There are 2 protein chains.
Amino acid sequence: MKKNLKTNTYTNYPLFKGVNQNSINVIMNCFKSVEKEYKKGTYIWHAGDEASYVGIVVKGQVNIVKDDISGDRVIINTAYNPMIFGESYAIAKISEYPVSVQAAVDSKIILIDIDKLMIPCSVGCSFHNKVIKNLVEIIAKKNIKLNGRIECITKKTIKQKLVFYLIDEMKMNEKDEIQIPYNRNELSDYLNVNRSALSRVLSKLEEDGVLIFNKNKFRILDYNKIKEIMEN
Amino acid sequence: MKKNLKTNTYTNYPLFKGVNQNSINVIMNCFKSVEKEYKKGTYIWHAGDEASYVGIVVKGQVNIVKDDISGDRVIINTAYNPMIFGESYAIAKISEYPVSVQAAVDSKIILIDIDKLMIPCSVGCSFHNKVIKNLVEIIAKKNIKLNGRIECITKKTIKQKLVFYLIDEMKMNEKDEIQIPYNRNELSDYLNVNRSALSRVLSKLEEDGVLIFNKNKFRILDYNKIKEIMEN
DNA sequence: CTCCTTTTGTTGCATATGCAACATCATTAT
DNA sequence: ATAATGATGTTGCATATGCAACAAAAGGAG
């Protein structure tokens, strides 16, 4: 499971923005970080576990999920390379994770010890403070994303939630055809709607010529109708 | 409108945790902060405005809201003394506020210039870094609260949303009778449900002996029934 | 290829809730 | 006190969608 982290480059990771590879290597050792692989469907951690790590997605995709007593689940957020997850609990000093993290596909994750990350160390880690500053910016952005998430979920109809989500993703990727990181089941968990009801709405939208889709690829055809949907 | 800030104490504000009053006074001047009063219903800022300030609630209550094209609104969050708002946009360097902030009651707000807050100054502000660290912790906690918010909104029924919210508030206040910061209209915006439908559910819950309420005071009577509701 | 599993789409039915219109009660101003 | 305004509760109706059960399609393993 363990691996020599020095062989990888992490300069493109937001967490290490502005830090050169040599420093990252030092930091990584200083952090006592561990790289692990997770098969699709397995959990990086469960809600209720002791909050000890911040995760970096090296490969694959993880969903931050909340399962409830009645067997329902919501996908609260999704992280893929080069994103991180669990950082808020580190900073807010929460003792137990309130959410679970599950590998959506086979994934490779670096787990960093929370204490090591937050307490600047003495030797060799001159860039540690830089990392902490990066962390702050990441959290602030995630915060804003969560606001958008709430906006999406609170739309009245499935149609509106779906369209809001798709348009939002398209804006972010600056493309009018996007590939979403969810299958239907996951998308319904993300939008917080029933899967079959979602299918029904999707079929209707395609029938009405609003959009076309194939698997997890979506393209908007009629922006006027989209606008109409959102204004309704 | 303007006021000499030195006359007030701010040591109990999370933003100034660990900073003594003298330093706070220096910082406040260094920040070029302004104290303003807002009548109930007026806006501290609108979505789309240039993001220039972080707000501190000195008195009253503000709702962070998102209005959409179809005239619906969601209350994303609520801040009262001694909370702050708008800090994420400061740190994430977002140019326009995506949300509006409205005074829920007559309120007194300190507005701090974003740039002044984030860029450590040279003279006299030795505690500036401390403030920034406080800011980080605040954001992380808000992040976690937003997760809980999503969990609440995504409950299936109005009954479940309501109960989830009330129980959550009661846990936080460690009381079994609470006074919520919303009237019915605001509560419906917060839970993202129809006001009259909320009233209907409330009446039903009272009729069934699950809880009692008067205005914005709520008390749980039957925890078994509560449990049943959430497990259903 | 065939078999099995997973993913996705379809459909009938039940129902929670959005909506609108009105009633009741509380609050504030004159 | 009276009037006006706002907050809250009530109710009938329409409907979006949750749910369940099944069908169809796609993907993987042997």
Side-chain angles (χ1 to χ4, degrees), chain A residues 39-41 63 68 70-75 102-106 153-164 179-208 211-218 229-230 232, chain B residues 39-41 61 63 68 70-75 102-106 152-164 179-208 211-218 229-230 232:
Chain A
K39 285 280 169 204
K40 174 180 176 176
N63 290 328
D68 73 0
S70 48
D72 283 321
R73 86 163 5 184
V74 208
I75 295 179
Q102 185 182 32
V105 298
D106 293 355
I153 290 177
T154 54
K155 292 287 165 197
K156 279 192 300 285
T157 63
I158 294 182
K159 216 189 260 186
Q160 288 185 331
K161 291 180 204 210
L162 177 70
V163 164
F164 182 95
Q179 191 157 355
I180 68 172
Y182 303 123
N183 62 26
R184 291 291 175 283
N185 218 330
E186 290 169 329
L187 182 58
S188 72
D189 283 342
Y190 185 83
L191 299 178
N192 192 43
V193 298
N194 181 271
R195 186 197 58 80
S196 71
L198 173 62
S199 259
R200 176 165 40 202
V201 168
L202 274 171
S203 299
K204 187 64 170 33
L205 285 170
E206 192 167 44
E207 186 192 321
D208 292 349
L211 51 77
I212 45 171
F213 59 93
N214 184 274
K215 301 241 120 220
N216 59 343
K217 278 189 183 165
F218 293 79
I229 288 169
M230 294 313 287
N232 186 31
Chain B
K39 285 279 169 205
K40 172 179 177 177
Q61 179 188 325
N63 291 328
D68 73 0
S70 47
D72 284 322
R73 89 165 0 187
V74 208
I75 294 179
Q102 186 182 29
V105 297
D106 292 356
C152 176
I153 290 178
T154 55
K155 293 287 165 198
K156 278 194 300 286
T157 63
I158 293 181
K159 215 188 264 187
Q160 287 185 334
K161 289 179 204 210
L162 177 71
V163 165
F164 183 94
Q179 191 157 355
I180 67 172
Y182 303 124
N183 62 25
R184 293 289 177 282
N185 218 330
E186 290 168 330
L187 182 58
S188 72
D189 283 343
Y190 185 82
L191 299 178
N192 191 43
V193 298
N194 180 272
R195 185 197 58 81
S196 71
L198 173 62
S199 258
R200 176 165 41 202
V201 168
L202 274 170
S203 300
K204 187 65 172 32
L205 284 171
E206 193 168 45
E207 186 192 321
D208 293 348
L211 51 77
I212 44 171
F213 59 94
N214 184 275
K215 304 237 122 224
N216 57 345
K217 276 189 185 167
F218 293 80
I229 288 168
M230 295 313 287
N232 184 30

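Only a predicted model underlies this, so the values are computations on that prediction, with no experimental measurement involved. Throughout, a chain's letter reflects where its sequence line sits, starting with A, and its residues are numbered from 1.
- What you find for B:Ala103 and B:Lys39 is that their closest heavy atoms are CB-O, 3.6 Å.
- Of all non-hydrogen atoms in B:Asn63 and B:Ala104, the two that sit nearest each other are ND2-CB, 3.7 Å.
- Counting non-hydrogen atoms under 4.0 angstrom, A:Lys40 reaches the backbone sugars and phosphates but no base.
- For the pair A:Leu187 and A:Leu162, the minimum side-chain heavy-atom distance is below 4.5 Å.
- B:Asp68 has its side chain within reach of A:Lys155: a pair of non-hydrogen atoms, C-beta onward, lies under 4.5 Å apart.
- Straight-line distance from the CG atom of A:Leu202 to the C1' atom of C:dT10: 13 Å, rounded to whole Å.
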Between protein and nucleic acid, restricted to nucleotides 11-16 of chain D and to nitrogen or oxygen atoms under 3.5 Å apart, what atom pairs and distances do you find?
from   : atom 1 : to       : atom 2 : distance (Å)
D:dG12 : O6     : B:Arg200 : NH1    : 3.2

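- Rounded to whole Å, the distance from CG on B:Asn214 to C1' on C:dC25 is 12 Å.
- Rounded to whole Å, the distance from CG on A:Leu162 to P on D:dT17 is 11 Å.
- Annotation: of the two residues near DNA chain D, A:Lys215 and A:Val201, the 5′-most nearest-nucleotide partner is A:Val201.
- As a whole-Å value, the separation of A:Asp72 CG from D:dT17 P is 16 Å.
- If you check every strand for non-hydrogen atoms under 4.0 Å, A:Phe213 touches sugar and phosphate atoms only.
- Among the heavy atoms of the strands lying under 4.0 Å from B:Ser203 are primed sugar atoms or P, OP1, OP2 only; no base atom is included.
- Judged by distance alone, the side chain of B:Glu206 and the main-chain N or O of B:Ser203 form no donor-acceptor pair under 3.5 Å.
- Remark: A:Arg184, A:Asn185, A:Arg195 in residues 184-195 of chain A come within less than 4.0 Å of DNA chain C through at least one heavy atom.
- Once rounded to the nearest 0.5 Å, the distance linking CG of B:Asp106 with NZ of B:Lys40 reads 8.5 Å.
- Following rounding to the nearest Å, A:Asn232 (CG) and C:dC19 (C1') show an atom-to-atom distance of 13 Å.
- Residues B:Tyr182 and B:Gln61 are in side-chain contact: their nearest non-hydrogen atoms beyond the backbone lie under 4.5 Å apart.
- One can place CD1 of B:Ile212 at 18 Å from C1' of D:dT8, the figure rounded to the nearest angstrom.
- Rounded to an integer number of Å, the gap from B:Lys161 NZ to D:dG18 P is 11 Å.
- Distance B:Asn216 CG to D:dA7 P: 13 Å, rounded to the nearest Å.
- Heavy-atom neighbours of A:Asp72 CG from other residues, nucleotides or ligands within 6.0 Å: above the threshold of 12.
- Applying the side chain to side chain contact (heavy atoms under 4.5 Å, CB included) test between B:Ile158 and each of B:Leu205, B:Leu198, B:Asn192 identifies B:Leu198 as the sole match.
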